[in-house]
Structures are given as C-alpha cells and as structure tokens.
Visitor: 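Once you've had a glance at the structure underneath, I'll fire off some questions.
Computed over heavy atoms, backbone and side chain alike; hydrogens, waters and symmetry mates excluded. In the text below, chain A, chain B and the rest are named by the order of the sequence lines, each starting its count at 1.
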Amino acid sequence: MRQSQLFTKTRKDAPKDEVAKNAELLIRAGYIHKEMAGVYSYLPLGLRVMNKIATIIRQEINALGGQEILMTALQDKNLWEKTGRWSDKVLDVWFKTKLKNDTELGLGSTHEEEITALMRDYVRSFRDLPVYAYQLQTKFRNEARAKSGIMRSREFLMKDLYSFSKDDAEHSVFYEKAKISYKNIFNKAGIGERTYLTYAAGGSFSKYSHEFQTVTPAGEDTIYICEKCHVAVNEEIRDEQKTCPHCENADLKKEKAVEVGNIFNLGTKFSEALDLAYVDEKGEKKFVVMGCYGIGPGRLMGTIVESLSDEKGIVWPESVAPFKIHLISIPDKEGKVAHYADKLYQTLVDKGIEVLYDDRDTRAGEKFADSDLIGIPYRVVVSDKTMAEGKLELKDRKSGTVEKIEEKELYGK
RNA sequence: CGGAGUGUGGUGUAACGGCUAACAUUCCUGUUUUGGGAACAGGCGACUCUGGGUUCGAAUCCCAGCACUCCGACCA
C-alpha cells in the first residue's frame with residue numbers, strides 16, 4: 001500500500017486521556033481510534049494486525065478440528081433464564097436492550113447458552129460427537145471501569161471455541177490438545193516465551209481452569225511462576241496451591257501479567273440446564289461434556305505492543321505486522337529515486353510481498369521517525385546513496401541492524 | 001459501584017474575575033532545503049463540554065448534568 005493513500009496520520013503527542021502504553025502507541029501510529037471509554041475502532045493498519053492475529057488463531061484451531069461459525073450478538077432472554085444467568089446480579093456485565101414490542105434482549109458477552117441450544121438441533125447420537133465449533137465475534141461487556149487501552153474494553157473481538165464431548169475422558173484428551181494449540185498461537189504471535197500456562201480457579205467441574213498469562217508490568221493479574229516448568233499459579237488460588245503444580249517447586253517468582261487466553265472445563269453445567277444430550281451405544285441418554293476456550297485478539301494485540309515496543313515505537317513480530325516491509329524513498333531532484341522506488345514497489349507487490357511504500361513528499365527524518373513508530377519489521381531505504389551503490393539499505397526494526405543488500409535478496413524476505 | 005481529579009482550535013499546552021482567548025504542533029500557500037520529526041514568510045482553524053447562577057464584566061467563582069482519566073472493588 002502506498003502511504004500517501006493511507007488516510008491515517010501519525011502524531012507526535014499522545015492524547016491526554018490515554019495513559020496505557022498500548023493505546024498511546026497504537027493511536028499515535030494510526031492503528032486505532034477511540035470512540036469512547038473502552039470502545040475503539042480499528043483503522044487500516046490496526047485491522048491488518050487483527051486479521052493477522054485472527055489468521056494465526058484460525059490455522060491452529062482448524063488444525064485442532066474446530067469448525068468456524070458466526071453466532072449472533074443479540075441474545076434470547078429465555079435461554080439465559082434457563083441457566084440463571086439473565087440476572088444482572090449473576091452476570092454483572094450485561095448490556096440489555098428491547099425490541100419495539102418491549103421484548104428484552106441481551107448483547108452477548110459470551111455464548112455458552114446460545115451454542116448449547118444451537119447444538120441441540122444437531123447432536124442426537126454418540127455418532128455426532130465430539131464436535132468443536134468456534135467463532136471470532138464481537139462481545140459486549142458493561143465493565144464497571146474500562147481501562148488499559150484495548151486491553152480491557154466494553155466492545156471487543158473474541159475467539160471463542162466450544163467443545164462437545166461424550167464424556168470426561170474424551171473431553172480431557174481435547175482439553176490437553178487445546179493447551180498445545182494455545183501455546184502454538186502465542187508462540188507464533190511472538191510472545192510465547194513470556195506467556196505462561198497458569199493454573200486458576202476452576203469452577204464446579206475441575207479443580208483448576210487454565211489461563212495463558214503474558215508477563216508485563218501493564219498486567220492486571222498477579223501470577224507465581226515456576227521457571228523450571230514454564231507454568232504459573234494465579235494469585236486467586238495461591239492459598240490452596242503454594243507450589244508448582246508440575247514439580248512441587250516452592251520457589252515461585254511473582255509477576256504482573258495479562259490474561260491473553262483461557263480454557264475452562266464446563267462439564268455438564270450448560271448441557272443439563274439446556275438439555276443438550278445424546279443417546280450412547282447402549283441407548284442411554286447422556287449429557288454432553290463441554291469446554292470453552294477463549295482468546296481476545298484485541299487484547300493480544302495490546303499485549304504484544306505492551307511487551308515488545310521500545311522508546312521509538314512499536315516493534316511487531318513479523319507474523320502479526322501489518323506489512324512485512326516498509327519501503328522508504330528519499331527522493332532526489334531528478335525523480336530517479338522515485339522512479340526506481342515505484343518500480344521496486346510494484347515488483348514486490350507482484351511477488352505477493354506485503355509492503356507499505358512511503359512515497360510521500362516529506363523529509364527523510366520524518367519518514368524514519370514514522371517508520372519506527374509504526375514498527376514494520378523490515379525497513380528498506382531507496383535514495384541517491386543506495387542507487388549509487390546499486391544496493392538497497394535494509395534495517396531490522398527489532399535489532400536495529402543495517403545492511404546493504406541486492407534487490408534480489410529482498411524477494412526472499 | 002465507592003473515592004479523587006480533569007474538561008480551552010484536530011493534537012499538546014497557556015491565560016490575575018478585566019483588551020480581539022495566547023503558544024507549539026498538525027493542516028494550507030510560497031521560497032529555500034533534502035539521510036533522523038528542517039528554516040523563513042503568510043494563512044485556515046475555538047460560541048473555552050452542556051445548562052443554570054453570581055458579577056458592571058466569567059475560560060476563570062458557584063450549582064447541576066454529561067464526558068474522560070486515575071486509585072480501589074468487580075472481572076463466566
């Protein structure tokens with residue numbers, strides 16, 4: 001994409017109503033736009049990052065056997081009354097609204113009720129199980145206090161996967177596989193080494209649930225890490241679990257962290273309440289055993305910014321960067337540089353390489369500062385100097401290393 | 001939801017109760033520049049959050065509302 005066509009602009013100053021680093025940088029660089037407290041729009045660059053994250057998630061969840069669907073944000077009150085969760089006292093983040101005829105509706109903050117009811121139409125026999133379905137969809141949560149930029153907002157995208165298994169054994173097998181998929185997702189997103197499988201409060205069907213917590217000072221949670229096993233314990237269960245659940249190590253390191261994902265055994269809580277059952281080999285009726293598995297792509301994006309940015313701006317891992325290459329031309333008077341840069345841009349586009357081309361008529365310093373702020377992994381400069389040498393200048397955003405390369409070497413990047 | 005604070009051009013700030021609300025930046029014009037947010041000149045852009053009140057006079061003081069931020073509580 002030509003940067004001269006990009007309608008967003010960078011800013012030197014962050015808005016005074018943002019304190020969180022993720023929001024400051026993402027707004028300054030033009031990734032997001034704040035609509036109101038806890039409500040953000042995603043702009044061209046931001047949407048590209050979200051889509052990259054969504055792609056990583058889809059790859060892994062599809063490999064797990066997940067089938068993607070899209071459910072509705074509007075929720076049926078009757079359904080939620082059956083599980084006792086319509087009450088604001090039980091679920092205090094409800095946004096509720098009404099039809100013209102005064103029928104009450106809810107805006108979905110989660111979708112256990114809806115998907116459980118939906119599956120009743122398709123699950124009858126043990127032959128129909130297991131089933132794994134997921135969606136990437138907007139959730140609405142009326143948080144008492146939105147904070148931390150896009151890390152805790154009132155409207156946000158969420159990937160929610162639900163598993164439907166015949167029994168606990170079948171559920172456990174999938175649950176363990178999901179842990180591995182989640183690890184893969186956070187590895188691919190570039191925060192794997194600082195993200196810990198964390199034991200947390202489990203609900204009525206398991207002793208513990210599992211969260212994926214990324215260590216960062218911006219985190220709202222406190223976890224206790226076992227370095228040996230690369231797992232952690234959430235402070236909420238610290239009293240009952242003082243050692244590493246894997247190796248009994250008592251020397252755990254306390255850190256602030258952000259919950260970027262969680263997986264939860266729902267047992268038969270929803271299937272019993274909503275009568276999602278099947279008939280087994282012996283002709284007996286059994287309730288389906290469920291699990292749910294969530295990741296917030298927006299929160300993940302914010303977490304990446306919080307943990308990987310530096311004083312100059314954002315540093316995206318290549319896997320989620322809006323573009324792979326930031327091509328910068330420093331035009332000369334005769335137009336030779338611009339002509340060559342145009343051609344190079346077209347060549348890269350034709351080869352399917354994602355490139356943001358800074359073809360604007362501004363000074364080099366401004367282009368470099370913008371480039372650092374936006375945080376694309378590879379910066380390629382074309383100028384008088386580089387043309388005289390017949391080479392390109394390649395700078396790695398993360399390491400800051402600069403090297404001269406042939407144009408052809410760029411194609412392999 | 002409890003507590004605290006803040007609302008001034010797009011953005012960041014300034015202005016004792018008293019002149020046409022100032023400065024920087026962004027943006028537009030022009031000239032000179034051209035490898036780390038250039039220089040100069042000119043210009044556009046604000047009912048000072050909203051509604052009341054006090055006063056000869058309110059961005060400034062008072063009341064109410066709304067919005068935003070921070071601390072805490074909450075976070076299947």
Side-chain angles (χ1 to χ4, degrees), chain A residues 7-20 23-24 27-30 33-39 80 83-94 108-113 116 139 141-149 151-154 156 158 160 162 200-206 209 211 219-221 234-236 258-259 262-267 269-270 273 290-294 296 299 312-313 328-335 337-338 358 360-374 379-388 393 395 400 402:
Chain A
F7 74 78
T8 58
K9 292 182 167 62
T10 59
R11 300 185 194 178
K12 286 184 188 173
D13 297 309
K16 62 167 175 262
D17 66 351
E18 291 288 3
V19 170
E24 284 196 358
I27 290 172
R28 283 185 54 213
H33 179 261
K34 184 180 193 166
E35 303 299 337
M36 55 185 122
V39 181
W80 288 80
T83 58
R85 295 211 294 174
W86 179 252
S87 164
D88 292 332
K89 292 194 181 91
V90 177
L91 199 54
D92 67 358
V93 294
W94 268 120
S109 60
T110 180
H111 283 72
E112 284 87 0
E113 277 79 355
T116 305
K139 305 289 188 219
R141 291 188 186 179
N142 200 346
E143 296 282 354
R145 182 180 164 204
K147 56 185 281 198
S148 308
M151 312 279 276
R152 174 134 106 156
S153 49
R154 298 196 167 102
F156 59 96
M158 176 149 135
D160 42 330
Y162 302 91
S204 37
F205 290 90
S206 302
S209 69
E211 299 172 339
E220 295 182 23
D221 290 348
N234 191 309
E235 188 168 50
E236 69 192 16
V258 177
E259 181 187 347
N262 81 357
I263 64 178
F264 207 93
N265 179 6
L266 298 174
K269 176 180 174 185
F270 292 92
M290 291 171 54
C292 68
Y293 315 80
R299 178 178 278 192
K312 288 179 172 175
I328 292 178
S329 65
I330 302 175
D332 57 339
K333 286 191 182 97
E334 301 87 62
V337 171
D358 193 346
R360 296 173 304 166
D361 183 23
T362 52
R363 296 169 60 87
E366 193 179 339
K367 291 189 177 190
F368 293 150
D370 279 351
S371 180
D372 288 338
L373 178 60
I374 292 170
R379 186 180 87 189
V380 173
V381 176
V382 180
S383 71
D384 266 341
K385 283 189 201 172
T386 65
M387 286 185 70
E393 180 186 296
K395 183 173 182 183
V402 180

Visitor: Determine which nucleotide pairs with B:G9, using a 3.5 Å limit on both distances of a Watson-Crick or G-U wobble pair.
Guide: none

Visitor: Considering every strand shown, what is the Watson-Crick or G-U wobble mate of B:A38 when both distances are under 3.5 Å?
Guide: B:U32

Visitor: Which is more 5' along RNA chain B, the nucleotide nearest A:R145 or the one nearest A:S109? Just name the residue.
Guide: A:R145

Visitor: Write down the distance separating the C1' atoms in B:C28 and B:G10, rounded off to the nearest Å.
Guide: 14 Å

Visitor: Sequence neighbours left out, what passes side-chain contact (heavy atoms from CB on, under 4.5 Å) with A:T116? Give chain and number order.
Guide: A:F270, A:L274, A:L276, A:M290

Visitor: Reading RNA chain B in the 5' to 3' direction, which nucleotide is the first one with an atom under 4.0 Å from a heavy atom of chain A, and which is the last?
Guide: B:C1 to B:A76

Visitor: I'd like to check the side-chain contact (heavy atoms from CB on, under 4.5 Å) partners of A:A273; sequence neighbours left out, ordered by chain and number.
Guide: A:T83

Visitor: Please determine, for B:U69, whether a Watson-Crick or G-U wobble partner exists with both distances under 3.5 Å, and give it or none.
Guide: B:A4

Visitor: List the residues meeting salt bridge (Lys or Arg N to Asp or Glu O under 4.0 Å) with A:D332, not counting sequence neighbours, and say none if there are none.
Guide: none

Visitor: Name the pairing partner of B:C75, where a pair is Watson-Crick or G-U wobble with both distances under 3.5 Å, or state none.
Guide: none

Visitor: Could I get the full list of side-chain hydrogen bond (donor to acceptor under 3.5 Å, both in side chains) partners for A:T10, not counting sequence neighbours?
Guide: A:D370

Visitor: Please work out whether the ring planes of A:W86 and A:W94 are parallel, tilted or perpendicular, with thresholds of 30° and 60°.
Guide: tilted

Visitor: Which whole number of Å gives the distance between the C1' atom of B:U11 and that of B:C27?
Guide: 12 Å

Visitor: Using atom P of each nucleotide, how far apart are B:G5 and B:G43 to the nearest Å?
Guide: 43 Å

Visitor: Who does B:U50 pair with, Watson-Crick or G-U, both distances under 3.5 Å?
Guide: B:A64

Visitor: State which residues pass side-chain hydrogen bond (donor to acceptor under 3.5 Å, both in side chains) with A:K34; sequence neighbours excluded, sorted by chain then number.
Guide: A:E18

Visitor: What distance, rounded to whole Å, do you find between the two C1' atoms, one in B:A14 and one in B:A24?
Guide: 10 Å

Visitor: Counting only Watson-Crick pairs (N1-N3 plus N6-O4 or O6-N4) and G-U wobbles (N1-O2, O6-N3), all under 3.5 Å, who is the partner of B:G18?
Guide: B:C56

